[in-house]
Amino acid sequence: MGDFKPLLPCGNSTMIQTTIESLQQANATQIIVVVGYRGDEIEKVVSKMDGVQVIYNPNYRNGEMLESIQLGLKHISSCDAAFVLPGDMPAIAQSTFRQVKKCMSVTNAAVVFPTLEGRQKHPPLIAERCFERICSFSGNGGLRTALRQFCEETAFVAVDDFGCTIDADTPTDYHQLLNYCHLPIHPTS
């Protein structure tokens, strides 16, 4: 990317703060941010936000993203389900969060994914009854593979939200995100 993604400008805020704000607007009562590289910088920025807990992944250099997800799930206190959302996806529409939650409520699915044009997207909503099995999963393939153990209990809900396709892995992606959100474009290294 050339710059430190979580702290890139995103409107009047940073990428990670905007992502957290989208979860807060979706009525998430607990938000756990798992950090590693430059985690202290992220913590300084997000620790002022209500309902946010920062967890450090000491193995971030060698681990997979699944390890960070497992750490986050282990630190969730009582809840029915949790969204898993990368910190570089701040453009998820509130309607997507609502539709995914409603689908889980209606179907009692273990996992619900939004889909766009028939393709599975972020953020999945994972029922609490799955946490232990995800946390003990040690195979290859990350979260996607870990969630296959719930394929018979997985539901999908079609959404009309281009924001669930945009993450900021490259400067081009970042500019696309800012354009999509109608935010000023900031130079990246």
Side-chain angles (χ1 to χ4, degrees), residues 4-60 63-105 109-114 121-132 134-135 142-144 146-147 157 159 161 163-169 174 177 180-181 183:
F4 189 47
K5 278 196 302 187
L7 300 183
L8 283 172
C10 193
N12 295 325
S13 190
T14 64
M15 179 104 47
I16 189 68
Q17 287 172 296
T18 305
T19 301
I20 290 168
E21 288 164 0
S22 74
L23 287 163
Q24 290 171 328
Q25 291 167 5
N27 297 319
T29 55
Q30 294 179 71
I31 298 171
I32 297 175
V33 178
V34 181
V35 299
Y37 177 69
R38 294 172 65 177
D40 56 333
E41 294 173 53
I42 296 170
E43 185 172 24
K44 280 182 193 174
V45 170
V46 304
S47 64
K48 300 172 187 126
M49 301 177 79
D50 289 335
V52 177
Q53 179 182 5
V54 176
I55 304 295
Y56 284 88
N57 178 355
N59 194 38
Y60 71 91
E64 297 290 326
M65 188 182 299
L66 176 60
E67 185 176 300
S68 291
I69 293 167
Q70 291 167 327
L71 281 170
L73 291 175
K74 288 175 185 175
H75 282 85
I76 293 176
S77 57
S78 177
C79 76
D80 296 328
F83 282 106
V84 175
L85 183 61
D88 65 346
M89 294 191 74
I92 307 292
Q94 292 307 299
S95 60
T96 295
F97 290 111
R98 283 191 304 273
Q99 286 176 266
V100 170
K101 286 195 299 193
K102 182 178 180 181
C103 181
M104 181 171 277
S105 176
V111 180
V112 178
F113 280 97
K121 298 295 175 191
H122 282 292
L125 181 60
I126 303 169
E128 186 276 334
R129 67 183 186 264
C130 304
F131 293 1
E132 187 176 321
I134 293 169
C135 289
L143 180 63
R144 191 172 299 266
L147 291 177
V157 60
V159 298
D161 179 10
C164 66
T165 69
I166 307 172
D167 58 358
D169 290 334
Y174 174 59
L177 170 70
Y180 178 77
C181 296
L183 297 170

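FYI, side chains are in, hydrogens and waters are out, and symmetry mates aren't considered; it's all heavy atoms of this structure.
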Might you work through the side chain to side chain contact (heavy atoms under 4.5 Å, CB included) test for Glu43 and Val35, ending with a clear yes or no?
-> CA-CA 8 Å; Glu43 185 172 24; Val35 299; 5.8 Å; no
Please report the interatomic distance [atom1]([X]) to [atom2]([Y]), rounded to the nearest 0.5 Å.
X	Y	atom1	atom2	result
Gln94	Leu23	CD	CG	8.5 Å
Gln25	Arg98	CD	CZ	10.5 Å
Ile31	Asp50	CD1	CG	9.5 Å
Met104	Asp80	CE	CG	9.5 Å
Gln17	Asn12	CD	CG	10.5 Å
Asp161	Gln99	CG	CD	8.5 Å

Those residues that, when tested against Glu128, pass side-chain hydrogen bond (donor to acceptor under 3.5 Å, both in side chains) (two or more places apart) = none
Less than 4.5 Å apart, side chain to side chain, heavy atoms only: is that true for [X] and [Y]?
X	Y	answer
Val34	Ile69	no
Gln30	Ser77	yes
Val159	Cys164	yes
Phe83	Lys101	yes
Val112	Cys103	yes
Phe97	Leu85	yes
Ile55	Asn57	no
Val45	Ile42	no

Work out which heavy atom in [X] is nearest to a heavy atom in [Y]; give both atom names and the distance.
X	Y	value
Ala127	Ala109	CB-O, 4.1 Å
Ser22	Pro90	CB-O, 4.2 Å
His122	Ile92	O-CD1, 3.8 Å
Phe131	Ala81	CZ-C, 4.4 Å
Pro123	Thr96	CD-CG2, 4.3 Å
Ser13	Thr18	CB-OG1, 3.7 Å

Could you check Val157 against Lys102 for side chain to side chain contact (heavy atoms under 4.5 Å, CB included), going step by step and ending with a plain yes or no?
-> CA-CA 9 Å; Val157 60; Lys102 182 178 180 181; over 6 Å; no
For the pair Leu147 and Ile134, evaluate side chain to side chain contact (heavy atoms under 4.5 Å, CB included) and give the outcome as yes or no after the intermediate values.
-> CA-CA 7 Å; Leu147 291 177; Ile134 293 169; 3.6 Å; yes
Apply salt bridge (charged side-chain N to carboxylate O under 4.0 Å, His left out) to Glu132 and list each qualifying residue two or more places apart in sequence or on a separate chain.
->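 Result, salt bridge (charged side-chain N to carboxylate O under 4.0 Å, His left out) vs Glu132: none returned.
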Which pairs pass ring-ring contact (aromatic ring centres under 6.0 Å, His included) with one or both residues in residues 25-59, sequence neighbours excluded?
-> Phe4-Tyr37
Show your working on side chain to side chain contact (heavy atoms under 4.5 Å, CB included) between Asp88 and Thr19 and close with a plain yes or no.
-> CA-CA 7 Å; Asp88 65 346; Thr19 301; over 6 Å; no
